[in-house]
Amino acid sequence: MLAETTVLPRGFYQRPTAVVARELLGKILVRRSGDDVVAVRVTEVEAYLGVDDPACHTYGGKRTPRTETMWGPAGFAYVYLIYGIHHCLNVVTVGEGSPEAVLIRGGSAVAGGSIIRRRRGVGVARRDLLDGPGKLCQALALTRLENGLDFCDPTSCLTIRSDGRGFLDGQVERLPRVGVDYAGEAAAWPLRLTVSSGLR
DNA sequence: TCTAGGATCGGCT
DNA sequence: GCCGATCCTAGAT
């Protein structure tokens, strides 16, 4: 199934964050750990626009050990812990010195469904498996240990691939981001992208 | 050191 | 719809 896919090149990520966010919808996140392979098609993302975005971890030029990955080159994974319990997976965009990223909020399983169910809990309903950033990370077995992985290295245990399919603009909903009320008017910026209907 | 708070989730009412 | 869990992170002292 993954034989007909290609790993997205660095250049894919070295573009404006809002563009990368839109283009990530429909792409396939592939996670290898040991003999387990899990693949998830991205259906929900949020853009975080760096130093000028009050909702972003790097707002105002903030640079800390946690956010160091965001300050580096595009195409790397920024994984952090939230609420002491859950992890969130981000894709670093633009380029070195422009600490912007796209948060992967949700997807649908395309391979490794049984592994996902095992990790998420056997009784969990199909639609609840991957509909949140914390759930996605649990399904992909991602923790802070995976922070800084390179999405562009075909031998990496975490890559993003294209199978040539995607979603039409008419299928994409643009909504305010979740859980960033503290960010003032930026909380209303329509930087959350979701798709509801099927592939094209 | 100490403290407050968070890009969430799931259980309970 | 509400609320507690749980602990890292960052900023203050």
Side-chain angles (χ1 to χ4, degrees), chain A residues 13 16-22 24-25 27 29 31 38 40 42-72 74-94 98-109 116-149 151 158 160 172-195:
Chain A
Y13 305 98
T17 302
V19 174
V20 178
R22 167 64 183 88
L24 276 173
L25 293 173
K27 297 298 186 292
L29 199 52
R31 163 70 167 148
V38 167
V40 170
V42 178
T43 59
E44 182 173 352
V45 298
E46 279 179 6
Y48 285 86
L49 305 183
V51 299
D52 296 321
D53 178 359
C56 187
H57 288 168
T58 56
Y59 176 56
K62 201 162 62 175
R63 187 167 185 162
T64 65
R66 179 177 64 146
T67 63
E68 198 54 34
T69 308
M70 283 188 73
W71 289 88
F76 286 78
Y78 170 47
V79 185
Y80 67 92
L81 184 72
I82 186 68
Y83 299 117
I85 307 171
H86 305 290
H87 294 272
C88 292
L89 170 65
N90 296 250
V91 179
V92 177
T93 56
V94 188
S98 289
E100 306 188 22
V102 176
L103 170 67
I104 311 289
R105 288 190 57 88
S108 60
I116 293 175
R117 278 192 295 279
R118 188 179 73 219
R119 288 176 180 159
R120 290 279 299 118
V122 175
V124 176
R126 176 190 285 268
R127 68 173 177 282
D128 294 333
L129 284 174
L130 297 165
D131 63 337
K135 299 177 184 180
L136 191 87
C137 283
Q138 189 182 12
L140 298 180
L142 293 173
T143 68
R144 278 172 305 159
L145 295 175
E146 281 71 37
N147 182 44
L149 286 179
F151 285 115
L158 185 64
I160 302 179
V172 178
E173 250 191 302
R174 295 172 184 266
L175 305 164
R177 291 173 293 184
V178 174
V180 295
D181 292 345
Y182 61 84
E185 74 172 44
W189 295 351
L191 295 176
R192 176 186 179 203
L193 308 184
T194 71
V195 290

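Numbered from 1 within each chain, the chains take letters A, B, ... in sequence-line order.
The interatomic distance linking A/His87 (NE2) with C/dC7 (P) rounds to 11 Å, in whole Å. As rounded to whole Å, 12 Å separates atom P of B/dA7 from atom CE of A/Met70. In this structure, the CD1 atom of A/Ile104 is 14 Å from the P atom of B/dT8, given to the nearest Å. Rounded to a whole Å, the CG atom of A/Leu81 is 9 Å from the P atom of C/dC7. Note: OH (A/Tyr83) to P (C/dC3) measures 15 Å, nearest angstrom. A straight line from CD1 of A/Ile82 to C1' of C/dA10 spans 13 Å, rounded to a whole angstrom. The CG-P distance, from A/Leu136 to B/dT8, rounds to 13 Å in whole Å. The interatomic distance linking A/His86 (NE2) with B/dC9 (P) rounds to 6 Å, in whole Å.
Distances shorter than 4.0 Å separate some side-chain N or O of A/Arg66 from OP1 or OP2 on C/dA10. Between B/dT8 and A/Arg105, a contact under 4.0 Å exists linking OP1 or OP2 to a side-chain N or O. Dashed line: the shortest gap from a side-chain N or O of A/Tyr182 to OP1 or OP2 of B/dA7 is under 4.0 Å. OP1 and OP2 of B/dC9 both lie 4.0 Å or more from every side-chain N or O belonging to A/Arg120. Taking side-chain N and O atoms only, A/Lys62 has no distance below 4.0 Å to OP1 or OP2 of C/dT9.
Positionally, the nearest nucleotide of DNA chain B for A/Val178 lies more toward the 5' end than for the other of A/Val178 and A/Lys135.
Counting non-hydrogen atoms of neighbouring residues, nucleotides and ligands closer than 6.0 angstrom, the CZ atom of A/Arg118 exceeds 12 such neighbours.
For the pair A/Tyr48 and B/dA7, the ring geometry qualifies as stacking, because the centroid separation is below 5.5 Å while the planes lie within an angle under 30°.
Using the six-membered ring where Trp is involved, A/His57 and A/Tyr80 have ring planes that are perpendicular, over 60° apart on the 30 and 60° scheme.
Applying side-chain contact (heavy atoms from CB on, under 4.5 Å) to A/Leu29 and the options A/Leu130, A/Val38, A/Ile160 leaves one that passes, A/Ile160.
In this structure C/dG11 sits in a base pair with B/dC2, meeting the Watson-Crick or G-U test at under 3.5 Å. Pairing of C/dT6, defined by two Watson-Crick or G-U wobble distances under 3.5 Å, is not identified with any nucleotide.
For A/Tyr80 against B/dA7, a side-chain N or O and a base N or O form a donor-acceptor pair under 3.5 Å.
Between C/dC3 and B/dG5, the two C1' atoms lie 16 Å apart (nearest whole Å).
At a threshold of 4.0 Å, the pair A/Asp131-A/Arg127 does not count as salt-bridged, since none of the basic side-chain nitrogens sits closer than that to a carboxylate oxygen.
Within the nucleic acid shown, A/Leu103 comes within 4.0 Å of at least one base atom, counting heavy atoms only. Using a 4.0 Å heavy-atom cutoff across all strands shown, A/Asn90 reaches at least one base atom of the nucleic acid.
Although no hydrogens or angles enter the test, the distance criterion places a donor-acceptor pair under 3.5 Å between the side chain of A/Arg120 and the main chain of A/Leu129.
Each of B/dT8, B/dA7, C/dA5 was ranked by its minimum atom distance to the side chain of A/Ile85; first place goes to C/dA5.
When all heavy atoms of A/Phe76 and A/Thr69 are compared, the closest pair comes out as CB-CG2, 4.4 Å.
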